[in-house]
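The analysis underlying the following values was restricted to heavy atoms, covering all of them including side chains, and did not include hydrogens, waters or symmetry mates. By convention in this document, chain letters (A, B, ...) are assigned in the order of the sequence lines, proteins followed by strands, and residues within each chain are numbered from 1.
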Amino acid sequence: MKTNFNQKVYEIAGKIPAGKVATYGQLAKLAGSPRAARAVGMCMRNNTDRNLVPCHRVVASNGELTGYAFGGLNVKRKLLVEEGVSFNKEKVDLKVSQWKS
DNA sequence: AAACTGACTTCTC
DNA sequence: GGAGAAGCCAGTT
(Lines give C-alpha, C1' and ligand atoms only; values in the text may rest on other atoms or scores of the structure.)
Protein backbone atom coordinates (compact mmCIF):
# COMPACT_ATOMS: atom_id res chain seq x y z
CA MET A 1 0.00 0.00 0.00
CA LYS A 2 1.67 3.19 -1.16
CA THR A 3 1.13 6.46 0.59
CA ASN A 4 2.61 9.86 -0.04
CA PHE A 5 5.20 9.62 2.72
CA ASN A 6 6.01 6.07 1.84
CA GLN A 7 6.44 7.13 -1.79
CA LYS A 8 8.88 9.87 -0.84
CA VAL A 9 10.87 7.54 1.36
CA TYR A 10 11.20 5.04 -1.45
CA GLU A 11 12.31 7.69 -3.86
CA ILE A 12 14.95 9.02 -1.50
CA ALA A 13 16.16 5.57 -0.53
CA GLY A 14 16.54 4.79 -4.21
CA LYS A 15 18.94 7.72 -4.52
CA ILE A 16 21.37 6.29 -2.02
CA PRO A 17 24.51 5.38 -4.00
CA ALA A 18 26.14 1.97 -3.64
CA GLY A 19 28.85 1.92 -1.02
CA LYS A 20 27.03 4.51 1.06
CA VAL A 21 24.36 4.29 3.75
CA ALA A 22 21.77 6.64 5.20
CA THR A 23 20.20 6.72 8.65
CA TYR A 24 16.47 6.49 9.20
CA GLY A 25 16.51 9.96 10.66
CA GLN A 26 18.28 11.27 7.60
CA LEU A 27 15.75 9.73 5.24
CA ALA A 28 12.94 11.01 7.43
CA LYS A 29 14.40 14.48 7.25
CA LEU A 30 14.74 14.32 3.49
CA ALA A 31 11.19 12.98 3.31
CA GLY A 32 9.99 16.08 5.08
CA SER A 33 9.68 14.90 8.69
CA PRO A 34 12.95 15.02 10.68
CA ARG A 35 11.40 13.03 13.54
CA ALA A 36 9.73 10.37 11.43
CA ALA A 37 12.59 7.89 11.56
CA ARG A 38 10.22 5.30 12.95
CA ALA A 39 7.72 5.85 10.19
CA VAL A 40 10.54 5.39 7.69
CA GLY A 41 11.39 2.05 9.25
CA MET A 42 7.78 1.02 8.96
CA CYS A 43 7.76 1.82 5.26
CA MET A 44 10.91 -0.22 4.78
CA ARG A 45 9.31 -3.10 6.59
CA ASN A 46 6.24 -2.85 4.43
CA ASN A 47 8.45 -2.72 1.36
CA THR A 48 9.71 -6.10 0.28
CA ASP A 49 11.32 -5.18 -3.02
CA ARG A 50 14.98 -4.44 -2.53
CA ASN A 51 15.49 -4.11 -6.26
CA LEU A 52 13.28 -1.06 -6.17
CA VAL A 53 14.34 0.21 -2.74
CA PRO A 54 17.82 -0.65 -1.41
CA CYS A 55 16.63 -0.84 2.16
CA HIS A 56 19.89 -2.54 3.09
CA ARG A 57 21.56 0.85 2.75
CA VAL A 58 19.45 2.25 5.56
CA VAL A 59 20.89 1.91 9.07
CA ALA A 60 20.30 3.30 12.55
CA SER A 61 21.73 6.68 13.62
CA ASN A 62 24.58 5.01 15.47
CA GLY A 63 25.57 3.00 12.40
CA GLU A 64 24.13 -0.25 13.67
CA LEU A 65 22.16 -2.42 11.25
CA THR A 66 18.50 -2.95 12.09
CA GLY A 67 15.68 -5.01 10.65
CA TYR A 68 15.96 -6.29 7.09
CA ALA A 69 13.23 -8.52 5.76
CA PHE A 70 15.16 -10.46 3.11
CA GLY A 71 17.30 -12.82 5.12
CA GLY A 72 18.43 -11.12 8.28
CA LEU A 73 20.97 -8.57 9.38
CA ASN A 74 23.82 -10.88 8.45
CA VAL A 75 22.74 -10.71 4.81
CA LYS A 76 22.25 -6.99 5.04
CA ARG A 77 25.74 -6.51 6.41
CA LYS A 78 27.17 -8.73 3.74
CA LEU A 79 25.49 -6.73 0.99
CA LEU A 80 26.84 -3.49 2.40
CA VAL A 81 30.34 -4.90 2.64
CA GLU A 82 30.11 -6.12 -0.94
CA GLU A 83 29.15 -2.61 -2.00
CA GLY A 84 32.19 -1.17 -0.30
CA VAL A 85 30.69 0.25 2.88
CA SER A 86 33.20 0.66 5.70
CA PHE A 87 32.38 -1.53 8.66
CA ASN A 88 33.44 -1.45 12.26
CA LYS A 89 32.71 -4.93 13.60
CA GLU A 90 28.92 -5.20 13.28
CA LYS A 91 28.35 -1.51 12.74
CA VAL A 92 28.75 0.81 9.77
CA ASP A 93 31.44 3.46 9.95
CA LEU A 94 29.18 6.44 9.39
CA LYS A 95 32.13 8.81 9.45
CA VAL A 96 33.22 7.26 6.18
CA SER A 97 30.20 5.61 4.57
CA GLN A 98 27.25 7.77 5.52
CA TRP A 99 25.54 9.18 2.44
CA LYS A 100 25.66 12.92 2.15
CA SER A 101 22.75 14.37 0.26
C1' DA B 1 -12.20 8.20 14.89
C1' DA B 2 -9.24 6.10 18.68
C1' DA B 3 -5.70 3.09 20.11
C1' DC B 4 -1.71 0.12 19.25
C1' DT B 5 2.48 -0.98 16.91
C1' DG B 6 7.17 -0.58 15.07
C1' DA B 7 13.51 -1.83 10.65
C1' DC B 8 14.04 5.04 15.33
C1' DT B 9 16.25 8.87 18.13
C1' DT B 10 17.59 11.18 22.09
C1' DC B 11 17.82 12.13 27.02
C1' DT B 12 18.93 10.59 31.65
C1' DC B 13 20.90 7.41 35.19
C1' DG C 1 30.36 4.38 27.82
C1' DG C 2 26.39 1.15 28.48
C1' DA C 3 21.54 0.37 29.83
C1' DG C 4 16.81 2.10 30.51
C1' DA C 5 12.92 5.13 29.71
C1' DA C 6 10.29 8.72 27.09
C1' DG C 7 9.05 10.96 22.86
C1' DC C 8 7.65 11.32 17.81
C1' DC C 9 5.68 9.94 13.13
C1' DA C 10 3.05 7.41 9.97
C1' DG C 11 0.57 3.22 9.16
C1' DT C 12 -2.56 -0.49 10.50
C1' DT C 13 -6.44 -2.52 13.05
Side-chain angles (χ1 to χ4, degrees):
Chain A
M1 180 177 186
K2 294 174 184 171
T3 64
N4 186 8
F5 186 76
N6 163 315
Q7 169 72 55
K8 246 189 292 191
V9 173
Y10 284 173
E11 184 179 321
I12 296 166
K15 292 173 187 165
I16 304 173
K20 293 288 178 180
V21 298
T23 66
Y24 291 93
Q26 186 175 0
L27 286 177
K29 183 180 180 215
L30 294 173
S33 301
R35 314 295 169 183
R38 261 179 135 161
V40 172
M42 180 187 298
C43 293
M44 293 292 107
R45 175 182 173 296
N46 187 17
N47 169 51
T48 49
D49 188 347
R50 64 169 164 129
N51 296 307
L52 191 65
V53 182
C55 25
H56 59 276
R57 292 181 194 153
V58 184
V59 301
S61 64
N62 66 334
E64 186 174 342
L65 303 180
T66 53
Y68 205 55
F70 298 105
L73 302 179
N74 56 329
V75 175
K76 182 172 179 177
R77 187 179 75 242
K78 184 182 178 195
L79 287 171
L80 292 172
V81 172
E82 293 297 308
E83 292 186 350
V85 175
S86 295
F87 261 80
N88 184 319
K89 297 298 181 183
E90 303 302 305
K91 295 180 182 173
V92 177
D93 189 346
L94 295 176
K95 300 188 301 300
V96 180
S97 300
Q98 181 169 32
W99 175 49
K100 299 87 175 174
S101 57

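Taken residue by residue, residues 60-68 of chain A places heavy atoms nearer than 4.0 Å to DNA chain B at A:Ala60, A:Ser61, A:Thr66, A:Gly67, A:Tyr68.
Between the NZ atom of A:Lys89 and the C1' atom of C:dG2 there is a distance of 18 Å, rounded to whole Å. As rounded to whole Å, 16 Å separates atom P of B:dC8 from atom CD of A:Gln98. Atom pair A:Lys91:NZ and B:dC8:P shows a separation of 14 Å (rounding to whole Å applied). Between the CG atom of A:Leu27 and the P atom of B:dC8 there is a distance of 13 Å, rounded to whole Å. Taking atom CZ of A:Arg45 as the reference point, atom P of C:dT12 lies 10 Å away to the nearest angstrom. Regarding A:Leu73, its CG atom lies at a distance of 11 Å from the P atom of B:dC8, rounded to whole Å.
Between A:Phe5 and A:Val40, the closest side-chain pair of non-hydrogen atoms falls below 4.5 Å. When side chains are defined from C-beta on, A:Asn47 does not count as touching A:Val9, because their heavy atoms never get closer than 4.5 Å.
Residues meeting the ring pair (Phe, Tyr, Trp, His ring centres under 6.0 Å) test with A:Phe87, sequence neighbours left out: none.
Salt bridge annotation for A:Lys15-A:Glu11: present, with a cationic side-chain nitrogen under 4.0 angstrom from a carboxylate oxygen.
Closest non-hydrogen pair, A:Met44 versus A:Ala13, comes out as CE-CB, 4.5 Å.
Atom SG of A:Cys43 sits about 11.0 Å away from atom NZ of A:Lys8, to the nearest 0.5 Å.
Residues A:Tyr68 and A:Val21 share a single hydrophobic cluster, defined by chaining ILVMFWY side chains whose heavy atoms lie under 4.5 Å apart.
Of the possible polar contacts, one joining the A:Lys76 side chain to the A:Thr66 backbone as a donor-acceptor pair under 3.5 Å is found.
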- Note on the structure: Letter by letter from the 5' end, nucleotides 3-10 of chain C scores (B base, S sugar-phosphate only, - none; protein heavy atoms under 4.0 Å) ----BBBB
